[in-house]
Amino acid sequence: MESFGARLHRAMVERGPLCVGIDPHPGLLARWGLTDDVAGLDRFARTVVDALGDRVAVVKPQSAFFERFGARGVAILESTIRQLRDAGSLVLLDAKRGDIGSTVQAYASAYLDPSSPLYADAVTASPYLGVGSLAPMFELAHEHGGGVFVLALTSNPEGAAVQHARTPDGRTVAQTVIDEISQLNAGAEPLGSFGLVVGATVGDTGHDLSKVGGPLLAPGLGAQGATAADLRTVFGSSLSSVLPSYSREVLGAGPDVAALRAAADRVLADCRAVLPAR
Ligand SMILES: O=c1ccn([C@@H]2O[C@H](COP(=O)(O)O)[C@@H](O)[C@H]2O)c(=O)[nH]1
């Protein structure tokens, strides 16, 4: 079975290095002329699938915006994931799960087992109960050709207080996460299946990303203030592994399908100007 890393590498070559989020904020629903309810959520998600599912490498539904509508919102998340996969984009479910290992096993079954209704190509995970607690996700991802993106240096200003804290061996907490994920990807070609989340907003933090071997998801572009040019500062010599991620910057162009496509094309061009050619 082809690994997630190999599938992602091919998608980034064929469609370009871009992830677009589906984040149906109440304010965006209103701007799109939609009601802040399940019907509005459904129309919003379907429009993004129609506009981008056949052209963007990775689409990242933000689970929180579906969960806030309860079971019916989660049902729409399930159908959105299916529609995106049918349209040919890889689906990264942004759920940021993490817990003790025995519970992570259930999260792994929910998101990374092909028989689950919420099965996605990859999922985001929080390592702050210890990277080892995420082992059930890594194992199921490996078994079924899935991926896991682990938070390392998040794009929000509050993250640094935890992530830059020093451990007894002198490394930062984030560097220990980076190093553990690097080990999981050892020897994987052309790209490992275990990624990291590193915000485009974090600046030059001095962290060593050179041995990660997997994709580096970079949120924080656009609405949170980072620009494509900031990717150079944050990622330095690791730019070739970066998967830039935009949500509101692209979604704000909707609901017109052509305008959504144009916005995605524009941010992709901005990123291509900075990232090495594949
Ligand atoms: O460090 C992180 C990790 C995840 N995110 C998520 O990405 C999008 C960003 O949305 P924008 O509209 O482009 O700001 C959102 O779903 C976050 O939960 C992040 O921003 N930073």
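Both counts, for ligands and for their atoms, begin at 1 and track the order of listing. We count residues from 1, following the sequence as given.
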Quick one: do the [X] and [Y] side chains pair a donor with an acceptor below 3.5 Å?
X      : Y      : answer
Asp204 : Thr233 : no
His207 : Thr172 : yes
Asp230 : Thr227 : yes

More than 12 foreign heavy atoms under 6.0 Å from CZ of Arg15: is that the case here?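 Above 12, so yes.
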Which heavy atom in Leu231 sits nearest to a heavy atom in Leu239, and how many Å separate them?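 Taking every non-hydrogen atom into account, O-CD2, 3.5 Å.
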With Thr80, which residues qualify under side-chain hydrogen bond (donor to acceptor under 3.5 Å, both in side chains), at least two apart?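 With neighbours one apart ignored, the set is empty.
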Extract all N/O-N/O pairs under 3.5 Å that connect ligand 1 to the protein, and present each with both atom names and the distance rounded to 0.1 Å.
unit_1   : atom_1 : unit_2 : atom_2 : d
ligand 1 : 1 (O)  : Ser155 : N      : 2.9
ligand 1 : 7 (O)  : Lys60  : NZ     : 3.1
ligand 1 : 10 (O) : Ser247 : OG     : 3.4
ligand 1 : 12 (O) : Arg248 : N      : 2.9
ligand 1 : 12 (O) : Arg248 : NE     : 2.6
ligand 1 : 13 (O) : Ser247 : N      : 3.0
ligand 1 : 14 (O) : Gln224 : NE2    : 2.8
ligand 1 : 14 (O) : Arg248 : NH2    : 2.8
ligand 1 : 16 (O) : Asp23  : OD2    : 2.5
ligand 1 : 16 (O) : Lys60  : NZ     : 3.4
ligand 1 : 16 (O) : Gln62  : NE2    : 3.0
ligand 1 : 18 (O) : Gln62  : NE2    : 2.9
ligand 1 : 18 (O) : Lys96  : NZ     : 3.4
ligand 1 : 20 (O) : Ser155 : OG     : 3.3
ligand 1 : 20 (O) : Gln224 : NE2    : 2.8
ligand 1 : 21 (N) : Ser155 : OG     : 2.6

